[in-house]
Amino acid sequence: MAADHALTEQLRAAVKGRRSIVEKKMFGGICWMLNGNMLCGVHKDRYMFRVGPELEREALARDGASPMDITGKPMRGFVWVTGDAAQRAGIETWIALAERYIRALPAKSAAQAPRRKVPGSGRKRAR
């Protein structure tokens with residue numbers, strides 16, 4: 001299932017004009033990166049915010065928030081938020097919470113981004 005178009009457009013409008021934020025397709029949805037670090041996104045019919053372990057409890061206490069779980073194991077520091085709840089609270093408040101955590105992280109350069117291993121590109125052992 002693709003990311004909900006209306007939620008994507010709402011989040012896109014909310015981050016528009018903010019410095020150092022880049023949109024990127026990830027995890028079957030759309031994410032926004034701040035200084036190379038994942039900030040927020042849309043996956044199917046819900047928002048995702050990266051609030052960090054220190055702010056996770058505060059985030060989960062908010063209406064419509066739940067732990068982010070894609071693989072059967074919750075991802076610490078990430079939360080899902082229903083579209084309705086995010087709109088009632090004001091999506092900007094969720095972005096601000098995520099920014100509190102992400103702005104404290106060091107910026108990632110292109111050289112720091114994880115690289116995919118290309119099959120057959122490894123060194124062959126001498127016989």
Side-chain angles (χ1 to χ4, degrees):
M1 175 187 256
D4 181 276
H5 180 71
L7 295 182
T8 301
E9 289 304 315
Q10 289 166 353
L11 195 50
R12 187 176 283 136
V15 299
K16 185 178 181 179
R18 293 175 185 242
R19 292 180 35 169
S20 305
I21 293 183
V22 176
E23 184 175 317
K24 188 173 185 179
K25 288 186 179 187
M26 293 177 80
F27 307 121
I30 308 281
C31 289
W32 283 267
M33 313 292 278
L34 172 60
N35 296 325
N37 294 295
M38 189 182 304
L39 174 71
C40 58
V42 177
H43 183 263
K44 298 182 181 180
D45 61 349
R46 58 195 170 187
Y47 293 109
M48 178 278 299
F49 294 95
R50 184 177 181 194
V51 296
E54 300 84 11
L55 298 172
E56 185 174 23
R57 183 175 290 191
E58 178 182 338
L60 290 173
R62 293 181 177 193
D63 180 43
S66 61
M68 184 174 161
D69 181 351
I70 294 178
T71 63
K73 182 179 178 186
M75 295 176 63
R76 290 223 355 106
F78 291 81
V79 295
W80 292 127
V81 181
T82 65
D84 290 342
Q87 294 305 313
R88 282 192 304 272
I91 197 158
E92 291 80 11
T93 64
W94 279 102
I95 294 168
L97 185 66
E99 274 186 307
R100 278 175 45 197
Y101 173 67
I102 300 301
R103 289 212 181 270
L105 297 176
K108 289 185 179 176
S109 67
Q112 292 172 305
R115 294 183 182 188
R116 290 188 189 153
K117 185 175 181 180
V118 178
S121 66
R123 295 177 62 183
K124 293 186 179 185
R125 292 169 48 188
R127 293 184 185 207

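Computed from a prediction, not measured in an experiment: that's the story for all the values here.
Heavy atoms only, all atoms of each residue included: Trp32 and Thr8 are closest at CH2-O, 3.9 Å. Residue Leu34 comes nearest to Ile21 through the heavy atom pair CD1-CG1, 3.8 Å, listed as atom of the first residue, atom of the second, then distance. Residues Ala85 and Gly64 approach most closely at CB-CA, 3.5 Å, considering heavy atoms. Residues Pro67 and Leu60 come closest through the heavy atom pair N-CD2, 3.5 Å. Across Val51 and Tyr101, no two heavy atoms sit closer than the pair O-CB, 3.2 Å.
Judged as a side-chain hydrogen bond (donor to acceptor under 3.5 Å, both in side chains), and not counting sequence neighbours, the contacts of Ser20 are Asn35. Applying the side-chain hydrogen bond (donor to acceptor under 3.5 Å, both in side chains) criterion to Arg18, with sequence neighbours excluded, gives Glu99. Glu23 is linked by a salt bridge (Lys or Arg N to Asp or Glu O under 4.0 Å) to Arg12, counting only residues two or more places apart in sequence or in another chain. Taking Lys25 as the reference, Ile30 meet the side-chain contact (heavy atoms from CB on, under 4.5 Å) condition, with sequence neighbours excluded. In this structure Asn37 satisfies the side-chain contact (heavy atoms from CB on, under 4.5 Å) test together with Arg50, Ile102, Leu105, Lys108, sequence neighbours excluded. With sequence neighbours left out, Met75 forms a side-chain contact (heavy atoms from CB on, under 4.5 Å) with Met68, Phe78.
In this structure, NE2 on His43 lies 12.5 Å from CG on Leu7, to the nearest 0.5 angstrom. Note: Met26 CE to Met48 CE = 8.0 Å, rounded to the nearest 0.5 Å.
Residues Leu55 and Val79 are members of one and the same hydrophobic cluster, defined by side-chain heavy-atom contacts under 4.5 angstrom among Ile, Leu, Val, Met, Phe, Trp and Tyr.
Judged as a salt bridge (charged side-chain N to carboxylate O under 4.0 Å, His left out), not a single pair has a partner in residues 27-40 (not counting sequence neighbours). Applying the side-chain hydrogen bond (donor to acceptor under 3.5 Å, both in side chains) test to every pair with at least one member in residues 67-82, sequence neighbours left out, gives these pairs: Glu56-Arg76.
In this structure, Val22 shares a hydrophobic cluster with no other residue, the cluster being traced through Ile, Leu, Val, Met, Phe, Trp and Tyr side chains under 4.5 angstrom apart.
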Name the atoms and distances for all side-chain donor-acceptor pairs under 3.5 Å in residues 86-97, with sequence neighbours left out.
unit_1	atom_1	unit_2	atom_2	d
Gln87	NE2	Gln10	OE1	3.0
Gln87	NE2	Tyr47	OH	3.0
Arg88	NH2	Asp63	OD2	2.5
Thr93	OG1	Ala89	O	3.4
Thr93	OG1	Gly90	O	2.6

